Number of protein chains: 2
Amino acid sequence: MKRAAARPARVQVTVDVVIFTIRDGALHLLLVRRGIDPYRGRWAIPGGFILEGESLEQAALRELREETGVGQVYIEQLYTFGDPGRDPRGRIITVAYYALIALDRAPVHAGTDAAEARWWPVTALPKRLAFDHDRIIEHALERLRAKIEYTTVGFQLLPEEYTLSELQDVYEAVAGRPLDKRNFRRRIELLDVLIPLDQWRRAGASRPARLYRFRAGSF
Amino acid sequence: MKRAAARPARVQVTVDVVIFTIRDGALHLLLVRRGIDPYRGRWAIPGGFILEGESLEQAALRELREETGVGQVYIEQLYTFGDPGRDPRGRIITVAYYALIALDRAPVHAGTDAAEARWWPVTALPKRLAFDHDRIIEHALERLRAKIEYTTVGFQLLPEEYTLSELQDVYEAVAGRPLDKRNFRRRIELLDVLIPLDQWRRAGASRPARLYRFRAGSF
DNA sequence: TAAATAGTGTCTCTTAGACAATATTAT
DNA sequence: ATAATATTGTCTAAGAGACACTATTTA
C-alpha cells in the first residue's frame, strides 16, 4: 500500500514442508532427490508452487499428501525465506512449514512420483542440500525442540495408543538426549492430557505396559 | 519443485510492519489511513511491495523508515498471511514483521508522504481496519507479550539510558498490568544485562533514580 | 528363577509471587 | 517537615533435577 516509483519485484511463491516422523526410535525427516536443475541430484525438502484459490496451509498439506499420502497431521507455519539469490531461477519466496506424522502413519516408501524420496535421521542428513534448505531444516528442528517443551505437539508423533515408555522414546528422540523416567512421567502427569486405557502392551518376556490415549481436544 | 499440471497461482508479495513504541507510558502502534481503494479511508499497518534485489527484512526496514524515519530498530518476522480473498485486488501474500522503536526515537508525526499516519494505543485501536490487519496486529501483540517474558526485546523500547522505574513502566505497558516493583527488579537483576551508570535522573521533589544502560551484545 | 521392562517417591535447589519499610531529594 | 519517588529483603509455594528400588510378566 503506497509506493510510487521503483517497480515491485516479480516474485513467485512456493511452500516447502519439513516433514518429521519417528523411525527406529530416532527423529527422521523426509527429503526428495531433485531430478532437474537447479541442484539436480541434490536432496531437498518437498515443496512446490501454490495453486489458484489455495491457502498457504492447504498448499503445504497438499505437498505433504503428495509425498506421504498422509492427510491428518499436525502442521504449522515456520518462517518465510525470501533472500534474493536463494534460488537461481529468480525471485522465489518460500513459506516454510513443518509437519509431524504419527509413527504408524508414516509410509516406509514416501513419494508418489518418479522422484526418489527417503527418510533421513536428523543426526545424519546429506551434506549438501538444495537451495537454503539446510537453514530451513535448522529452523524447523529448533522450533520443534522448543515447542515440545511447552506444548503437546510431541503427542502428534505417536499413534493413537501408546505406552509411557514409547512416549518417552519420542521425547528423547526429539531432545536428542536421555530423560529421567520418573521426572518424565511426573511432567506428563501434570499435563493432564493422557487417558489411561484398560489395555496393556505385552512385548517379550517382561512386564506389560499400560496403553494411553491423548485426550481429544487438548492442545 | 515438482508439480506438473495445475498452473501456479499468480501472486504478489507485500511486506507489512506492525511498529510499536511507548508513548505516555502506554504501548502504541502506527497506522496509516488509506487514501485509495480498496479500504479507502480505513486504517492499515504500513507496508508495500518488495522491490528488486531487496530481502524481505530490507523491505520491512524500508517501510519502517519511510513511515517513521527511524532506521536502527529491532525487527523480527512475524507470520505470513496468504489466504485467497484476503485482498480484493488479487492473490496477495503478506509477510508480516513487527518492529520496536525506542521511546526517544519515535517521531511524534509519523509518515513521510501525504497519507495520514497516527500512533494508536493498542488498547483503543480503530474499529474496522483494512484487510486482515486486525489479525496481524493480534499476532504481533501476542508475540511481543510472549517474547518480553523470556528475552530482552523489551529493552528495545527504551532510550539508551533509563531508570529502573522507566523500564518497569515499559514492561507494564506491554503486559497491560501492574508489576510488583521488588519482584520486577529481582528479575531484571538476574538477567544480568544492565550496566549501572554513575548518573542519576532527578525529576521534581523526589529522590533521584540511577540510570542504567543495556549491556552491548546482550540478546 | 532369570531376564526384561514397567512402575513408583523423596529430597533438594531454584524460581516466582506476595508483601512493607526505609532512603533521598526538592520544596 | 512534607511530598514524592527510589531502593531494598523475606517468606512461601510450586516446579524441576538427581537419584534406586520393587513389580510383573514370559521364557
Side-chain angles (χ1 to χ4, degrees), chain A residues 22 24-25 103 145-152 154-155 158-159 161-214, chain B residues 22 24-25 103 145-152 154-155 158-159 161-214:
Chain A
I22 304 283
D24 311 321
L103 195 46
R145 287 183 173 138
K147 286 206 100 166
I148 205 174
E149 296 294 334
Y150 66 96
T151 69
T152 54
F155 294 85
L158 286 152
E161 300 178 356
Y162 41 85
T163 69
L164 291 178
S165 294
E166 288 164 356
L167 182 63
Q168 183 172 348
D169 287 344
V170 167
Y171 272 72
E172 289 179 339
V174 172
R177 64 193 166 87
L179 302 173
D180 179 82
K181 193 199 286 200
R182 282 166 295 183
N183 292 341
F184 177 77
R185 288 181 180 218
R186 178 181 48 193
R187 169 183 165 191
I188 297 297
E189 173 82 32
L190 286 176
L191 288 178
D192 193 30
V193 294
L194 282 193
I195 299 172
L197 306 178
D198 281 332
Q199 298 173 46
W200 282 262
R201 166 120 54 229
R202 50 198 71 235
S206 74
R207 177 171 174 177
R210 185 186 278 273
L211 290 173
Y212 292 82
R213 180 190 290 273
F214 188 64
Chain B
I22 304 283
D24 310 323
L103 195 46
R145 287 184 173 138
K147 287 206 99 166
I148 205 174
E149 296 294 332
Y150 66 97
T151 69
T152 55
F155 294 85
L158 285 153
E161 302 177 356
Y162 41 85
T163 69
L164 291 179
S165 293
E166 289 164 355
L167 181 63
Q168 183 172 348
D169 288 343
V170 167
Y171 272 72
E172 289 179 338
V174 172
R177 64 192 166 89
L179 301 174
D180 178 83
K181 193 196 284 199
R182 282 164 295 182
N183 293 341
F184 176 77
R185 288 179 181 221
R186 177 180 51 192
R187 169 183 165 191
I188 297 298
E189 174 82 32
L190 286 175
L191 290 178
D192 193 30
V193 294
L194 282 193
I195 299 172
L197 305 178
D198 280 332
Q199 299 172 45
W200 282 262
R201 165 121 53 225
R202 50 197 72 235
S206 76
R207 178 171 174 179
R210 185 185 278 272
L211 290 173
Y212 292 82
R213 180 190 291 272
F214 187 63

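Because only heavy atoms are used, hydrogens play no part in the values below, and waters and symmetry mates are left out as well, while side chains stay in. Proteins come first, then strands; the chains are lettered A, B, ... in the order of their sequence lines, and each starts at number 1. Predicted model only: the values in this text are computed from it and were never measured.
Remark: B:T151 pairs with B:K147, B:V153 by the side chain to side chain contact (heavy atoms under 4.5 Å, CB included) rule, at least two apart or across chains. Contacts of B:K181 classified as salt bridge (Lys or Arg N to Asp or Glu O under 4.0 Å), with partners at least two apart in sequence or in another chain: none. Taking B:E161 as the reference, B:R213 meet the salt bridge (Lys or Arg N to Asp or Glu O under 4.0 Å) condition, with sequence neighbours excluded. Checked against side chain to side chain contact (heavy atoms under 4.5 Å, CB included), B:P196 has the following partners two or more places apart in sequence or in another chain: B:R210, B:Y212. A search for salt bridge (Lys or Arg N to Asp or Glu O under 4.0 Å) contacts involving A:R186 returns nothing, not counting sequence neighbours. In this view, A:Y162 satisfies the ring-ring contact (aromatic ring centres under 6.0 Å, His included) rule with no residue, not counting sequence neighbours. Remark: B:R185 pairs with no residue by the salt bridge (Lys or Arg N to Asp or Glu O under 4.0 Å) rule, at least two apart or across chains.
Shortest non-hydrogen contact noted between B:V193 and B:F155 is CG2-CZ, 3.8 Å. The two residues B:L103 and B:P159 come nearest to each other via the heavy atoms CB-CD, 3.6 Å. Between B:G154 and B:V170 the shortest heavy-atom distance is O-CG1, 3.9 Å.
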Could you run through nucleotides 20-27 of chain D and give me one letter per nucleotide, 5' to 3': B if any protein heavy atom sits under 4.0 Å from the base, S if only the sugar-phosphate is that close, - if neither?
-> B--BBBB-
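For the segment residues 162-180 of chain B, the set of residues with a heavy atom within less than 4.0 Å of an atom of DNA chain D comprises B:S165, in numerical order. Residues from residues 184-191 of chain B that place a heavy atom under 4.0 Å from any atom of DNA chain C, listed by number: B:R186.
Other residues, nucleotides and ligands contribute over 12 non-hydrogen atoms within 6.0 Å of the CD atom of B:E149.
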Please list every donor-acceptor pair under 3.5 Å in which a side-chain atom of residues 197-204 of chain A meets a protein atom from a residue at least two apart or in another chain.
unit_1, atom_1, unit_2, atom_2, d
A:R201, NE, A:E166, OE2, 2.9
A:R201, NH2, A:E166, OE1, 3.0
A:R201, NH2, A:E166, OE2, 3.2

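Nucleotides of DNA chain C that come within less than 4.0 Å of any heavy atom of chain A span, from the 5' end to the 3' end, C:dA3 to C:dT10.
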